[in-house]
A.B. asks: 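Have a look at this one before I ask anything.
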There are 2 protein chains.
Amino acid sequence: MRIEQWARERDVAVVWRPFLLGPIFADQGWRTSPFNVYPAKGRYMWRDLERICEGQGLPFARPDPFPQHSLLAARVATALDGDARSQFCYAVFAAEFGRGQSIDSEEFVSGILREMGAPAETLARAGSPEVKAALRDSVTEAGALSIFGAPSFTTADGELFWGFDRLAAALDWARARA
Amino acid sequence: MRIEQWARERDVAVVWRPFLLGPIFADQGWRTSPFNVYPAKGRYMWRDLERICEGQGLPFARPDPFPQHSLLAARVATALDGDARSQFCYAVFAAEFGRGQSIDSEEFVSGILREMGAPAETLARAGSPEVKAALRDSVTEAGALSIFGAPSFTTADGELFWGFDRLAAALDWARARA
């Protein structure tokens with residue numbers, strides 16, 4: 001919820017790249033989020049997130065169940081680009097983590113697209129073979145970049161930063177090397 | 001390497017509590033550090049640490065092998081208290097992560113104690129049943145506090161913060177509620 005503003009402040013260009021964590025977690029031997037695999041760490045991570053949101057003045061509601069099924073949302077994000085993609089992602093994250101809503105239904109996704117004024121065919125295009133393949137390619141690329149979690153930020157010169165708590169450092173890095 | 005200075009700046013009292021990560025990792029099903037269990041994440045964590053140390057103006061050298069055997073050092077830290085304990089911990093961390101040295105030998109530990117001017121009987125006391133039991137109790141207490149990694153910081157009102165990147169937040173939290 002901060003990347004667009006913080007990137008503008010530093011004059012850094014951001015390209016959003018939707019991908020799926022499921023296959024990446026599976027490569028680590030996890031069948032669900034590590035928040036669930038490791039309960040002590042998971043409890044801490046939720047509390048940490050709650051404190052961070054409070055510090056940022058952002059609403060927080062823990063989604064239940066977690067993780068949510070994000071395949072449809074990831075395909076729709078892949079079908080969009082530029083500002084429409086980031087706007088869609090902001091809306092999905094605000095719903096899931098700000099209001100604790102489910103994000104997996106066509107109804108939910110359609111509602112966001114309608115509010116955004118996105119083209120009517122977006123949802124259909126999200127189910128096309130091209131978009132499905134593009135998302136699969138993004139997952140493969142994420143793995144090749146050694147990405148193991150989200151959010152992850154990669155810079156043009158190949159540095160990887162992971163987590164909201166590294167967002168400012170990632171943007172500063174990109175700015176310093178621009 | 002920053003806690004004493006940052007705590008002083010905020011007028012927050014710090015009590016160092018040595019414990020062992022081995023038994024805590026074992027509870028998660030890990031037989032070594034998660035840096036080793038999950039290679040992609042491990043590579044990232046080392047690079048992250050390198051960048052952080054550079055930003056802090058601290059030397060960094062990756063210890064090999066990692067993790068080091070820390071039982072002796074943890075017992076000696078337990079045998080000390082107050083400023084002597086924190087001074088000893090700083091010296092061990094500087095050797096392991098600043099110069100990539102091994103920390104497991106009596107020779108290494110004795111050298112630090114000598115430089116500190118610690119009482120000659122400290123090393124013998126570190127091997128006493130009382131100190132061994134005190135360290136075991138600390139590990140049990142760490143588990144009861146839901147600690148799953150190090151460094152971890154607990155506040156008087158029971159908040160848990162994990163990692164150098166939460167040190168300032170932990171101290172700010174303690175300060176605000178003092």
Side-chain angles (χ1 to χ4, degrees), chain A residues 21 23-31 34-56 139-155 157-174 176-177, chain B residues 21 23-31 33-56 139 141-155 157-174 176-177:
Chain A
L21 278 175
I24 286 172
F25 286 167
D27 283 346
Q28 318 287 319
W30 301 328
R31 300 183 65 173
F35 285 26
N36 299 332
V37 178
Y38 303 110
K41 189 168 179 177
R43 275 193 302 278
Y44 171 79
M45 296 303 285
W46 288 117
R47 176 65 183 137
D48 189 53
L49 190 52
E50 190 172 51
R51 287 190 303 232
I52 288 172
C53 288
E54 200 180 315
Q56 292 288 327
V139 174
T140 304
E141 191 185 342
L145 289 167
S146 293
I147 286 175
F148 54 87
S152 285
F153 318 105
T154 57
T155 61
D157 62 338
E159 287 289 320
L160 173 62
F161 295 84
W162 168 55
F164 171 73
D165 51 13
R166 296 298 186 274
L167 173 56
L171 293 168
D172 288 342
W173 185 282
R177 280 146 190 89
Chain B
L21 279 176
I24 286 173
F25 287 167
D27 284 346
Q28 318 287 319
W30 301 328
R31 302 184 64 174
S33 164
F35 284 27
N36 299 332
V37 178
Y38 304 110
K41 189 167 179 177
R43 275 193 303 276
Y44 171 80
M45 297 302 285
W46 287 118
R47 176 66 183 136
D48 190 52
L49 190 51
E50 191 173 50
R51 286 189 305 232
I52 289 172
C53 288
E54 200 181 314
Q56 292 287 327
V139 174
E141 191 184 341
L145 290 167
S146 293
I147 286 175
F148 54 88
S152 285
F153 318 105
T154 58
T155 61
D157 63 338
E159 287 288 321
L160 173 63
F161 295 84
W162 169 55
F164 171 72
D165 51 13
R166 296 297 187 274
L167 173 56
L171 293 169
D172 288 342
W173 185 282
R177 282 147 190 88

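Reckoned from all heavy atoms, side chains included, excluding hydrogens, waters and symmetry mates. Worth saying up front: this structure is predicted, and the values here are computed from it rather than measured. Within every chain, numbering begins at 1; the chains are lettered A, B, ... in the order of the sequence lines, protein sequences first and strands thereafter.
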A.B. asks: Between the side chains of B/Trp173 and B/Asp157, does any donor sit under 3.5 Å from an acceptor?
C.D. replies: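 Their side chains do contain a donor-acceptor pair, which is all the 3.5 Å distance test asks for.
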
A.B. asks: Just so I understand: if I count every heavy-atom pair under 4.5 Å between each of A/Val37, A/Ile147, A/Asp27, A/Leu160 and chain B, which residue has the most?
C.D. replies: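 Answer, by heavy-atom pair count under 4.5 Å with chain B: A/Leu160.
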
A.B. asks: Sort A/Leu145 into side chain, backbone, both or neither according to what part of it lies under 4.5 angstrom from a heavy atom of chain B.
C.D. replies: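 The answer is neither part of A/Leu145.
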
A.B. asks: Determine whether more than 12 heavy atoms belonging to other residues, nucleotides or ligands lie under 6.0 Å from atom CZ of B/Arg177.
C.D. replies: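 Counting other residues, nucleotides and ligands, CZ of B/Arg177 exceeds 12 neighbours.
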
A.B. asks: At a heavy-atom separation under 4.5 Å, does B/Ile24 approach chain A through its side chain, its backbone, both, or neither?
C.D. replies: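 Nothing of B/Ile24, per the 4.5 Å heavy-atom cut-off to chain A.
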
A.B. asks: Quick check, are the ring centers of A/Phe148 and B/Tyr44 under 6.0 angstrom apart?
C.D. replies: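 Under 6.0 Å, so yes.
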
A.B. asks: Can you tell me how far CG of B/Asn36 sits from CZ of B/Phe25, rounded to the nearest 0.5 angstrom?
C.D. replies: 9.5 Å

